[in-house]
Protein chains: 2
Amino acid sequence: MKYIDKLRNSGLRPTKQRLQICEVLFNTEKTFHFTINQLEQKIKDSIDNKISLATVYNTVHAFEKKGYLKQIPINSNQTYFDTNVTDHHHFYDLKDQKLIDLENSDVGPINIKKKINGKRIKSVEVLVKLED
Amino acid sequence: MKYIDKLRNSGLRPTKQRLQICEVLFNTEKTFHFTINQLEQKIKDSIDNKISLATVYNTVHAFEKKGYLKQIPINSNQTYFDTNVTDHHHFYDLKDQKLIDLENSDVGPINIKKKINGKRIKSVEVLVKLED
DNA sequence: CACTTATTTAGAATCATTATAAACTGGCTA
DNA sequence: TAGCCAGTTTATAATGATTCTAAATAAGTG
């Protein structure tokens, strides 16, 4: 199947649960943002068997470590993840508590002038908060 | 005293606890980043009486709402606050889990080209993750 | 098939944060 | 100054996301 190689290639066994979660996460037209609880609901809605909450956590963390998911840096009581793993940024609508993608091309180039000794820049993420 | 007016002017009663927390937060050479637990420790170290943890939470939230503190958008199990409320950004050292200020002038001007209907930009925050 | 190791699972544990409701206090008015 | 009331503080309980645990299960390998 579609995701078996993807998982094998990154050293993850393609278990039934992981493949099902792959379907929910990656077999979509558009990328999306989610919390663990939202993902759990989506999974419930789209498969018959049950996947334990612990497995959902395990899988999301495994996928994140492999670079198939990204955490979105934002202050919330829940962690937000993104299936869009390209370099990009986010609007955060404070009123509706909704995230909206901001493509790199929607933000001018960002030039970090300050350097920190012995450290490399791994990522540059912009969060644009919106109000009415 | 120094902070009585500041508090009164923003509609907060200048209680003993709030004034003491003001001392810890604002009576310093440099601004700094902190979690609630770190602040609690600092308070313990610098005053004789005890301030309840609930009061620390209440006060920090009250100060944040009045604009005397800012939350730093970052994924962590604890919320980070900043006594530097000017527009600025952050480095986040992934290894040491340490935050470092990035002044606005250290980051080129950021031009958000995308607009969202009926929404205004409230803030633009950049998080630069560092690795070795 | 047998074996080893990774994964799943339910449930318990953890821990930051928020809620509760009773006691207390600052500031106002008479 | 006394008395009142809304705003605060407080200890403690409750909440809720996340992580841990250890036993059961499944995948990969020879």
Side-chain angles (χ1 to χ4, degrees), chain A residues 1 3-25 33-44 47-66 68-69 71-81 97, chain B residues 1 3-25 33-44 47-66 68-69 71-81 97:
Chain A
M1 311 296 213
Y3 300 108
I4 291 185
D5 293 338
K6 176 171 179 162
L7 293 176
R8 277 230 184 78
N9 292 340
S10 39
L12 297 173
R13 286 188 184 172
T15 63
K16 188 178 76 170
Q17 291 86 344
R18 282 177 179 160
L19 290 169
Q20 289 179 326
I21 293 175
C22 275
E23 289 291 333
V24 174
L25 289 176
H33 311 123
F34 65 92
T35 64
I36 295 286
N37 282 318
Q38 290 167 348
L39 177 59
E40 217 205 351
Q41 194 52 57
K42 268 201 170 193
I43 291 169
K44 267 187 201 143
I47 66 175
D48 285 332
N49 54 313
K50 183 181 185 305
I51 295 182
S52 139
L53 180 59
T55 299
V56 178
Y57 272 98
N58 289 342
T59 303
V60 165
H61 288 143
F63 286 3
E64 192 209 353
K65 191 171 286 177
K66 297 300 180 183
Y68 302 143
L69 291 174
Q71 267 193 245
I72 302 173
I74 194 179
N75 284 118
S76 167
N77 55 330
Q78 279 156 271
T79 304
Y80 277 84
F81 294 89
Q97 295 199 86
Chain B
M1 312 293 211
Y3 299 109
I4 292 184
D5 293 338
K6 176 172 179 161
L7 292 177
R8 276 228 186 81
N9 291 339
S10 39
L12 297 172
R13 284 193 184 167
T15 63
K16 189 177 78 170
Q17 292 88 342
R18 283 177 179 162
L19 289 169
Q20 289 179 325
I21 294 175
C22 275
E23 289 290 333
V24 174
L25 290 176
H33 310 123
F34 65 92
T35 63
I36 295 287
N37 282 318
Q38 290 167 349
L39 177 58
E40 217 203 352
Q41 194 53 57
K42 269 203 167 190
I43 290 169
K44 268 187 200 143
I47 66 176
D48 285 330
N49 55 313
K50 182 182 187 302
I51 295 182
S52 141
L53 179 58
T55 300
V56 178
Y57 272 97
N58 289 341
T59 303
V60 165
H61 288 144
F63 286 4
E64 192 210 353
K65 192 170 289 181
K66 296 301 180 185
Y68 302 144
L69 291 173
Q71 267 193 247
I72 302 173
I74 195 182
N75 283 119
S76 166
N77 54 331
Q78 278 156 272
T79 304
Y80 278 84
F81 294 89
Q97 294 200 86

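Convention: sequence-line order gives letters A, B, ...; per-chain numbering from 1. Note that the coordinates shown come from a computational prediction; the quantities given were computed from them, not determined experimentally. Because only heavy atoms are used, hydrogens play no part in the values below, and waters and symmetry mates are left out as well, while side chains stay in.
- A:T55 comes within 4.0 angstrom of a base, heavy atoms only.
- Comparing D:dT12, C:dG26, C:dT9 against the side chain of B:R13 picks out C:dG26 as the nearest.
- Taking for each of B:Q78 and A:A54 the nucleotide of DNA chain C with the nearest heavy atom, the 5'-most of the two is the partner of A:A54.
- What separates CD1 of B:I43 from P of D:dT10 is a distance of 10 Å, to the nearest Å.
- In this structure, of C:dG27, C:dT7, D:dA11, it is C:dT7 that holds the atom nearest to the side chain of A:R18.
- We find that CG of B:N58 is positioned 13 Å from P of D:dA11, with the value rounded to whole Å.
- When the nucleotides D:dT10, C:dA16, C:dA10 are ranked by their closest atom to the side chain of B:N77, C:dA16 comes out on top.
- Note on A:Y57: every side-chain N or O is 4.0 Å or more away from OP1 and OP2 of D:dT19.
- If you check every strand for non-hydrogen atoms under 4.0 Å, B:K50 touches sugar and phosphate atoms only.
- Distance CD (A:Q38) to P (D:dG16): 16 Å, rounded to an integer number of Å.
- Nearest to the side chain of B:I36, among C:dT17, C:dT25, D:dT10, sits C:dT17.
- The CG atom of B:L12 sits 5.5 Å away from atom NZ of B:K66, with the distance rounded to the nearest 0.5 Å.
- A:L19 has its CG atom 12 Å from the P atom of C:dT7, to the nearest Å.
- Whole-Å rounding puts the A:K65 NZ to D:dT19 C1' distance at 13 Å.
- Computed from coordinates, the B:N75 CG to D:dT18 C1' distance equals 13 Å when rounded to whole Å.
- Comparing C:dT18, D:dT9, D:dG28 by their nearest atom to the side chain of A:R8 picks out D:dG28.
- Atom CD1 of B:I51 sits about 8.0 Å away from atom NZ of B:K16, to the nearest 0.5 Å.
- The interatomic distance linking B:N49 (CG) with C:dT25 (C1') rounds to 15 Å, in whole Å.
- Looking only at atom types and distance, the side chain of B:Q17 has no donor-acceptor partner in the side chain of B:N49 under 3.5 Å away.
- One finds a side-chain N or O of B:H61 lying less than 4.0 angstrom from the OP1 or OP2 phosphate oxygen of C:dT18.
- For the pair A:K42 and A:F34, the cation-pi criterion (under 6.0 Å, within 45° of the ring axis) is not fulfilled.
- At the heavy-atom level, A:N37 lies under 4.0 Å from the strands shown only through sugar-phosphate atoms.
- Place B:L12 and B:L53 on DNA chain D by their nearest nucleotides, and B:L12 ends up nearer the 5' end.
- Atom-to-atom distance recorded for B:N58:CG and B:F63:CZ is 11.0 Å, nearest 0.5 angstrom.
- The residue A:T79 sits close only to the backbone: its heavy atoms come under 4.0 Å of sugar-phosphate atoms, none of a base.
- In this model, the phosphate group of D:dT10 is approached by a side-chain N or O of B:Q17 to a distance below 4.0 Å at OP1 or OP2.
- Taken from CD in B:Q38 to NE2 in B:H33, the straight-line distance is 11.0 Å, to the nearest 0.5 Å.
- Counting to the nearest Å, the P atom of D:dA27 and the CD1 atom of A:I4 are 10 Å from each other.
- The side chain of A:T15 contributes no N or O atom lying less than 4.0 Å from OP1 or OP2 of C:dA6.
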